[in-house]
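First the structure, in the form of structure tokens, and then the observations on it.
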Number of protein chains: 2
Amino acid sequence: MTPKYANVSERELEPPSLAISTVIFALRPDPETGRLTLWLPLVRRIRQPYRELWALPGGPLRPSESLQDAAARNLQETTGLSPRYLEQLYAFGGPDRSPTPRVVSIVYWALVQPDEAALARQDENVAWFPADAVGTLAFDHNRIIDYALWRLRNKMEYGSIAYAFLGPTFTLAQVREVYEAVLGRELDPANFRRQLQATQDIERTDSFLQGGRHRPPRLYRYTGPELQSDAFPPA
Amino acid sequence: MTPKYANVSERELEPPSLAISTVIFALRPDPETGRLTLWLPLVRRIRQPYRELWALPGGPLRPSESLQDAAARNLQETTGLSPRYLEQLYAFGGPDRSPTPRVVSIVYWALVQPDEAALARQDENVAWFPADAVGTLAFDHNRIIDYALWRLRNKMEYGSIAYAFLGPTFTLAQVREVYEAVLGRELDPANFRRQLQATQDIERTDSFLQGGRHRPPRLYRYTGPELQSDAFPPA
DNA sequence: CCAAAAGTGTTGTGGATACACCCATGC
DNA sequence: GCATGGGTGTATCCACAACACTTTTGG
């Protein structure tokens, strides 16, 4: 299907092709330290260029599918999951991103909560990596992930995306763990609690989390604006 | 050159085409009130769809030209100006943005200082409009401009983009006027001055602006990081 | 009773706002 | 002198960090 080019001048006659890629973040405990860390799934390339290297999940845009829908489909196809949060990251289009035909990639980033089924999807060609140890990837994908991490941390300090990593109810300490894992530094529990309570984004429930070997913490529920972030920012 | 389609199903077989558009902002005094306001240049469409309507300047991406270069070229071709600031805004690609063949637009936004030559370029097919009164534009361009305005105001409250609207030297009051025009509200001169001086972005010169009918204000010079904002954010 | 985490109180500090006041120029 | 904007001083408020302290559970 894809034409092959004998040389550069032929290549330059073709219009650039368009692809959608997605950086998918999830939180999982580190198997060694047990601490919560950021992970992301990558797929192994099965054709040239960069064959055998790991890369971001992605593919072409289908007719009559929006950019966002294409990103959600990437996510579904590689992890089986639905995004809890999905937002456009950047369009990468330098003429030298890829050898042979030029590709412009519109990249999205997503937050998910993986379940066992999703993690089990690991196989020869799909695997989860700690976000700070992905090795050398195909194309400019290392750079893209760095940028996505930067955006994630940035949004974290403002918005309410943290809840996209959590279930329907959670303790304040769990929210704090999410922040600590993403930002990579510890936060004062007392002050953090007050900051959260100052926002109108959460609501206390009457339940408590049992089973710890200490005082059971109260559970909260997210009640702020929709996280799904469809369409685009002006919110 | 562009193929014509007899019906929708034919259209859907074609891959989406790619275009670059640019929202160009400049500050000019309002001809009525004399107050500084935001303006932007638009071009009249000379072919279908939306023929005769005003639209953002744009066009296809050329081979071996980066996305950013294409945006700078748009700007140059429609205004004759070079950007003082240029940044990617968003990629718009809904399947219904345009009747007939689908177009994915990667949109940039720019800040410039227009000179007489640039403003003179007004003709049948290029004209400057106040940013809050552009009328009904082609495609989804009204929405795009709203988003660009939102981003501009956002960046304004942080970064040092304000200087992109100003010449090599300026008074603190001029900087304040820029902020007031963009944000649409008045700022306390005393506090604003201190905020600016607290940053390391400006440096006092030994010159004063003469000719006012009051005490001559001191001139300052921008010395902060490069504004041009090449490549992309991680800064 | 003790350990450990949940949760509350208190204090100090830096930045931002509001606003009173003085300075230097043109007329 | 007086009007006008340039420029300085200062009191107040508020968000936030630091950290001591109390509470409630499991063992």
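Residue numbers begin at 1 in each chain, while the letters A, B, ... track the order of the sequences.
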Exercise for review: Please assess B:Tyr222 against B:Phe170 for the test ring pair (Phe, Tyr, Trp, His ring centres under 6.0 Å), listing each intermediate value before the final yes or no.
Suggested key: CA-CA 9 Å; B:Tyr222 179 74; B:Phe170 45 80; 7.7 Å; no

Calculate the interatomic distance between [X] atom [atom1] and [N] atom [atom2]; express it in whole Å.
X: A:Asn191; N: D:dC19; atom1: CG; atom2: P; answer: 11 Å
X: A:Leu187; N: D:dC16; atom1: CG; atom2: P; answer: 13 Å
X: A:Arg194; N: D:dC19; atom1: CZ; atom2: C1'; answer: 10 Å
X: A:Phe208; N: D:dT24; atom1: CZ; atom2: C1'; answer: 10 Å
X: A:Gln195; N: D:dA15; atom1: CD; atom2: P; answer: 11 Å
X: B:Asp188; N: D:dT12; atom1: CG; atom2: P; answer: 18 Å
X: B:Gln174; N: D:dG5; atom1: CD; atom2: P; answer: 14 Å
X: A:Glu186; N: D:dA18; atom1: CD; atom2: P; answer: 12 Å

Point to revise | A:Glu157 to A:Arg185 - nearest heavy-atom pair and separation | key: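 Looks like OE2-NH2, 4.0 Å.
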
Point to revise | Residue pair B:Met156 / B:Ala162: nearest heavy atoms and the distance that separates them | key: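 The pair with the smallest heavy-atom distance is CE-CB, 3.6 Å.
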
Point to revise | Opening and closing nucleotides of DNA chain C in contact with chain B, under 4.0 Å to non-hydrogen atoms | key: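 Boundary nucleotides touching chain B, in 5' to 3' order, are C:dT17 to C:dG26.
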
Review point. Between B:Thr171 and A:Gly211, which is nearer to the 5' end of DNA chain D once each is assigned its nearest nucleotide?
Key: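 Nearer the 5' end of the strand: B:Thr171.
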
Review point. Mapping A:Pro216 and B:Ala190 onto DNA chain D by nearest heavy atom, which one lands closer to the 5' end?
Key: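 Nearest nucleotide further toward 5': that of B:Ala190.
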
Point to revise | Passing option when B:Phe129 is tested against B:Trp54, B:Trp39, B:Phe25 for ring pair (Phe, Tyr, Trp, His ring centres under 6.0 Å) | key: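 For B:Phe129, the ring pair (Phe, Tyr, Trp, His ring centres under 6.0 Å) test succeeds with only one of B:Trp54, B:Trp39, B:Phe25, which is B:Trp54.
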
Exercise for review: Starting from the C-alpha separation in whole Å, work towards a yes-or-no answer on side-chain contact (heavy atoms from CB on, under 4.5 Å) for A:Asp132 and A:Thr37.
Suggested key: CA-CA 9 Å; A:Asp132 57 354; A:Thr37 49; over 6 Å; no

Check your understanding: Roughly how far apart are A:Leu196 CG and A:Arg176 CZ, rounded to 0.5 Å?
Key ->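 If we round to the nearest 0.5 Å, A:Leu196:CG and A:Arg176:CZ are 10.0 Å apart.
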
Review point. Which part of the nucleic acid does B:Arg193 contact within heavy-atom distance under 4.0 Å: base, sugar-phosphate only, or nothing?
Key: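 The answer is base, as B:Arg193 lies within the cut-off (heavy atoms under 4.0 Å) of a base atom.
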
Practice item. Check step by step if side-chain contact (heavy atoms from CB on, under 4.5 Å) holds for B:Tyr147 and B:Leu89. Key: CA-CA 8 Å; B:Tyr147 183 36; B:Leu89 180 66; 3.9 Å; yes

